[in-house]
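Notes follow once the structure below has been shown.
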Amino acid sequence: MSRIVTVAAAQLGPIQRADSRGQVVARMIALMEAAAAQGADFIVYPELALTTFFPRWYHEDRAAADHWFESRMPGPETQPLFDKAKQLGMAMSFGYAELTPEGRHFNSSILVDRSGRIAGKYRKVHLPGHVELDPERTHQHLEKRYFEPGDLGFPVWEFEGGLVGMAICNDRRWPETYRVMGLQGVELVVLGYNTPSANSQSPNETTADRLFHHRLSVQAGAYQNSTWVVAVAKAGDEDGHHLFGGTLIAAPDGKIVGELDHEEDGVLVHACDLDETRFGKATIFDFARHRRVEHYGLITERTGVGAPLGKPEGA
Ligand code: CDV
């Protein structure tokens, strides 16, 4: 059986605050058709794919933000996306704001198999930003106001003939994200992001700097866990706030095999051979042979930085 998954990284250009779910779903369907025409069997869309990146907007009344959330998946507006995927026999993953029946809010993403069944759900663990309006910032990033941290960990699923996991945006900067999945043998990590091109707390940081950190994080995660990583942007100018592009696919050796060079809707298709993950997993990153967990305790004992453990020689 073939171990090649032909993945389409489906970048979305900007989504404005006034754009409807129906308009966005129509764009996603157009991308899916383009991906199918290029032979893709698994399409990956960005974080919060159905709306503008709404955490940039402050609502004093938190509940006033609930209209950005989906209380059903699929719901009436997303059903056409599921129908098209089933018709094309296309597996997919996309991010959305999830409102649970208990009234909990998560920044979530799902894996949907070729039959249209939701095979897996992930809820963003590393939420960046702040809770209250911060007038010092040029733009708000209120993820900590609107979402609670994910409660599902970083599961890996048997999916499309391989081992597939998900992450969302800021998660890609944290080595723990990839390693927890690496320890489940992950072969393909799919993740979407909305990353502002400017850092409102660091005015000297350029977009090029930020793209460098994006690539560095994704490539390191891929290499150190010998896995494919597909990283998909929502990009461009949303209501006067710019998000960078940089949609890319990194191979298990950490090299970028393809990257989009624009900020519009578009697909980047690559045939990912899952067997290419085997070499790294059997050699330099053979965890069972080389990891030394007796020295890694601090990683789960401490959240923030504490006192140094070093003592003078002989003490
Ligand atoms: N949506 C995000 O998680 N964005 C963050 C920004 C705030 C730095 C990111 O890590 O790209």
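Atoms within a ligand are numbered from 1 in the order they appear, just like the ligands themselves.
Here the heavy atom of the protein found nearest to atom 7 (C) of ligand 1 is H141 CE1, 3.1 Å. Among protein heavy atoms, the minimum distance from atom 10 (O) of ligand 1 is reached at R173 NE, 2.6 Å. Among all non-hydrogen protein atoms, the one lying nearest atom 5 (C) of ligand 1 is C169 SG, 3.8 Å. Among all protein heavy atoms, the one lying closest to atom 3 (O) of ligand 1 is K124 NZ, 2.8 Å.
With a 4.0 Å cut-off on non-hydrogen atoms, H126 does not touch ligand 1 at all.
Side-chain N/O atoms of D134 and Q140 include no donor and acceptor closer than 3.5 Å.
Nearest heavy-atom pair across W157 and L111 is CE3-CD1, 3.7 Å.
Between R27 and D265 there is a salt bridge, since at least one side-chain N of the basic residue sits less than 4.0 Å from a carboxylate O of the acidic one.
Around atom CZ of F279, no more than 12 heavy atoms belonging to other residues, nucleotides or ligands sit under 6.0 Å away. The number of heavy atoms from other shown groups lying within 6.0 Å of CD (E294) is above 12.
The shortest N or O to N or O distance between T195 and ligand 1 is under 3.5 Å.
If you number the atoms of ligand 1 from 1 as listed, the ones under 4.0 Å from a heavy atom of F53 come out as 1 (N).
The side chain to side chain contact (heavy atoms under 4.5 Å, CB included) test with S200 singles out one residue from E136, R137, H141, and that residue is R137.
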